[in-house]
Amino acid sequence: MNVVITGSTVLTQQGEQRLDVRISNGKIIELSESIKPEVEDQLLDAAGCHVLPGFVDLHTHLREPGKEDSETIETGSRAGALGGYTALVAMPNTTPAQDSIPIIDFVRAQGKRAGLVEVVPSGCITIGRAGSALAPLADLARHGVQIFTDDGSGVQDPALMRRAMEYSRDLGITLAQHCEVSALTAGAVMNECSCSSELGVPGWPALAEELMVHRDIELAKLTGAKIHFLHLSTAGSVRLVREAKREGLPITAEVTPHHLSLTEELLRTFDSTFKVNPPLRSAEDIEALRSGLLDGTIDAVATDHAPHVRRDKELPLDQAPPGMLGLETALGVVLSTVPMNAMDLAKVMSINPARIAGISDRHGILPQVGQPANLCVVDMRAEWTVDPSKLASKSRNTPFVGRTLRGKVRHTVFEGDVVVKNGEAQR
Ligand code: DOR
């Protein structure tokens, strides 16, 4: 069955154009001012909406295998599709961790089975993410894994990180670092600031992130390897990346919607919904992150979608796991906090992340005849209120419940199939 999108503004290489779109066999086959649908065509009304390349999330915790009570590849994929995503990079801190070919195959197969987005498994940098021996990077790279990380923790040992970078340069893969010097964050529950002192809780200094950003920039200089910095959260990190990019180093970086929008002050409630790694920071940090995103220092918005079951998040603040949901609210939070036009949005949520993940042959492509139909149709002005009963994620740990956001996904088309129509998942 063909799909016809009508009434839309399409973001093309020539800019925004009022065009209809016809899709057949997974590809865009026609873009023109007025397409007459056939009776058997599936029609998507996109009046007032933009057709953009489907979003690509560089940072999704899908929890399968190992923690299927908080999310599965299928429920996370559905949440992603509802958020306008057509590809999700699955983080490797599963149980077992994604450090071997059978686990990578399993994650890919479960993604295919769900059929809602492309699930792109990342590989671990070190075996079991334990930080002591390198994972089989070459075997995994030969098996199509393009992005490697120990996310959830950073690689602490600089010699091991140097070796990983030497291999990654030769293999043409990307290493993605979770920047946290763990010796500086033991027991920490929130940003180290006057607020953490007042509350009497252990703080997480900005330096714990910035030291590792600095170290890895120096290692990138030494080795010539590419490095991607996950979930940057401090003004100092933005400065370091800006300078490194000025020197021409092959560095990329991401920021989460929550670090762009929520401050450390929220931890005064002692509500663990706001506990996240890295922690929410100050208003000045938020300002620096927003400027960094707008001036291209930060390449991508990535969700760090981190589902956790209620009984875990209800533990006292020091014991509750860090993390919050992100996939279904990312667009709304970003458009509600950072002034962006459709092209800015496509760059940071689709084009750049697809390039960093190594999947830009099929995702992050501005709509063109002959290209794969991985698209989202978004109303950039629509306001909506986050209703937890409507979330597709298996978990509910989002701080945005009850908030009114601007920017809503109307339809998502994955490999030519309509997986979300009028804001409802079709599978
Ligand atoms: O808040 C976070 N939660 N940050 C991480 O780096 C890991 C993630 C998780 O797995 O829950």
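Each ligand, and each atom within it, is numbered from 1 in the order the structure gives. Only this structure's heavy atoms are used, side chains among them; waters, hydrogens and symmetry mates stay out.
Inspection of the E328 and H305 side chains reveals no N or O donor paired with an N or O acceptor under 3.5 Å. With no hydrogens or angles considered, no side-chain donor-acceptor pair links S395 and S70 at under 3.5 Å. Residues E254 and H228 bring a donor and an acceptor atom of their side chains to less than 3.5 Å of each other.
More than 12 heavy atoms of other residues, nucleotides or ligands sit less than 6.0 Å from atom CZ of R268.
Applying the ring pair (Phe, Tyr, Trp, His ring centres under 6.0 Å) criterion to H308, with sequence neighbours excluded, gives no partner residue.
Within 4.0 Å of ligand 1, protein heavy atoms belong to H61, R63, N93, D151, G152, H178, H231, V276, N277, D304, A306, H308, P322, G323, listed by chain and number.
Under the 30°/60° scheme for interplanar angles, the aromatic rings of F414 and H363 are found to lie parallel.
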